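Below is one structure, written out as structure tokens; comments come after it.
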Amino acid sequence: MIIMKKTILFILAIPLLFAGCGTSKNMQLNNNTLTGIWRTYHNINPYDSIDNVYGRLEAGDLHKILDANGQLTLLLVQPRGSKIVGYGTYTILSPTEYVEHVEQLYTNHDFSGKDNKITVKFVDDNTILVTYGAGTVNEIWKRVERGIP
């Protein structure tokens, strides 16, 4: 009887164990899901689809810092040093879109003083697919994790 109760409890607990797994694709943009430090990643194989975020990825040098107050900072981190290469603010427009109000972008002045509308698709809690430029630019961003390297 005790073994049967334990078996039933185990069977009932299985869905609870997986309740949070695989649901991130349905995550929506808000300050809690977007806030953080994000790093660009690129597919090593140029024939991989942008949706293949579990393929062989290479980390990029660009980091995007989005704080809870709507501030945006772009940071280039390279072996020879780090530089702030852009800054501005951001506003969430919908569950899948936000706009970056770029005040200054030192690496490409065409973006300075302009708004950049960005579409976001969550792959998981710490990985997003980003599209902008009327769908012509696709990027993979991963949240920088906390902890000891």
Side-chain angles (χ1 to χ4, degrees), residues 10-149:
F10 178 75
I11 291 170
L12 293 174
I14 289 175
L16 295 175
L17 292 173
F18 295 101
C21 298
T23 60
S24 296
K25 287 184 181 179
N26 297 324
M27 284 179 60
Q28 296 182 352
L29 281 180
N30 60 50
N31 277 351
N32 293 331
T33 58
L34 196 56
T35 299
I37 302 171
W38 297 87
R39 184 176 189 178
T40 56
Y41 280 79
H42 312 282
N43 284 322
I44 291 175
N45 182 351
Y47 300 106
D48 275 352
S49 160
I50 188 70
D51 291 318
N52 185 16
V53 297
Y54 297 110
R56 294 187 53 206
L57 298 178
E58 181 177 314
D61 297 334
L62 188 62
H63 292 68
K64 186 178 291 192
I65 303 168
L66 300 168
D67 77 16
N69 298 319
Q71 296 297 308
L72 159 72
T73 304
L74 296 170
L75 181 67
L76 192 64
V77 178
Q78 296 178 321
R80 65 179 182 267
S82 300
K83 297 259 186 201
I84 293 175
V85 296
Y87 60 90
T89 59
Y90 72 93
T91 305
I92 296 173
L93 301 175
S94 75
T96 59
E97 292 182 320
Y98 78 98
V99 64
E100 293 178 349
H101 313 285
V102 181
E103 292 177 37
Q104 184 70 47
L105 186 61
Y106 300 110
T107 55
N108 187 342
H109 295 290
D110 291 340
F111 284 97
S112 295
K114 298 197 175 135
D115 290 348
N116 190 20
K117 190 174 180 181
I118 297 179
T119 302
V120 174
K121 175 183 170 188
F122 281 90
V123 175
D124 57 42
D125 292 348
N126 297 313
T127 308
I128 55 178
L129 300 178
V130 171
T131 304
Y132 61 94
T136 60
V137 180
N138 297 294
E139 297 174 342
I140 300 168
W141 289 84
K142 290 184 175 247
R143 190 185 313 269
V144 176
E145 296 180 17
R146 297 177 184 180
I148 299 172

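None of these values were measured; they are calculated from a predicted model.
Of all non-hydrogen atoms in Lys117 and Tyr132, the two that sit nearest each other are O-CB, 3.4 Å. Shown here for Arg143 and Gly36, the closest heavy-atom pair between the two residues is NH1-CA, 4.1 Å.
Atoms CD and CD1, from Gln28 and Ile92 in turn, are 10.5 Å apart once rounded to the nearest 0.5 Å. Taken from OG1 in Thr35 to CG in Asp67, the straight-line distance is 7.0 Å, to the nearest 0.5 Å. Note that CH2 of Trp38 is 7.0 Å distant from OG1 of Thr127, once rounded to the nearest 0.5 Å. The line from CH2 of Trp141 to CZ of Phe122 is 13.5 Å long, rounded to the nearest 0.5 Å. From Lys114, atom NZ reaches atom NE2 of His101 across 15.5 Å, with rounding to the nearest 0.5 Å. Atom NZ of Lys121 sits about 12.5 Å away from atom CD1 of Ile128, to the nearest 0.5 Å.
Between the side chain of Thr73 and the main chain of Tyr87, no donor-acceptor pair closer than 3.5 Å is present. A distance-only check finds no donor-acceptor pair linking the side chain of Asn69 to the backbone of Gln71 [under 3.5 Å].
At a cut-off of 3.5 Å, with distance as the only test, a side-chain donor of Glu100 or Tyr98 sits close to an acceptor on the other residue.
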*Report the C-alpha distance between Arg39 and His63 in whole Å, list the side-chain angles of each, state the deciding distance to 0.1 Å, and finish with yes or no for side-chain contact (heavy atoms from CB on, under 4.5 Å).*
CA-CA 4 Å; Arg39 184 176 189 178; His63 292 68; 3.5 Å; yes
*In sequence, state the C-alpha distance, the side-chain angles, and the governing distance for Thr96 and Val120, and then conclude on side-chain contact (heavy atoms from CB on, under 4.5 Å).*
CA-CA 5 Å; Thr96 59; Val120 174; 5.9 Å; no
*Would Lys64 and Thr40 satisfy side-chain contact (heavy atoms from CB on, under 4.5 Å), going step by step from the backbone distance to the final call?*
CA-CA 8 Å; Lys64 186 178 291 192; Thr40 56; over 6 Å; no
*I would like to know whether Val102 and Leu74 meet side-chain contact (heavy atoms from CB on, under 4.5 Å); could you show each step before the answer?*
CA-CA 10 Å; Val102 181; Leu74 296 170; 5.8 Å; no
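For the pair Leu129 and Val123, the minimum side-chain heavy-atom distance is below 4.5 Å. At a threshold of 4.5 Å between non-hydrogen side-chain atoms, the residues Leu72 and Glu103 do not count as touching.
More than 12 heavy-atom neighbours from other residues, nucleotides or ligands sit within 6.0 angstrom of CD on Gln78. The neighbour count for Leu93 CG, taken as heavy atoms of other residues, nucleotides or ligands under 6.0 Å away, is above 12.
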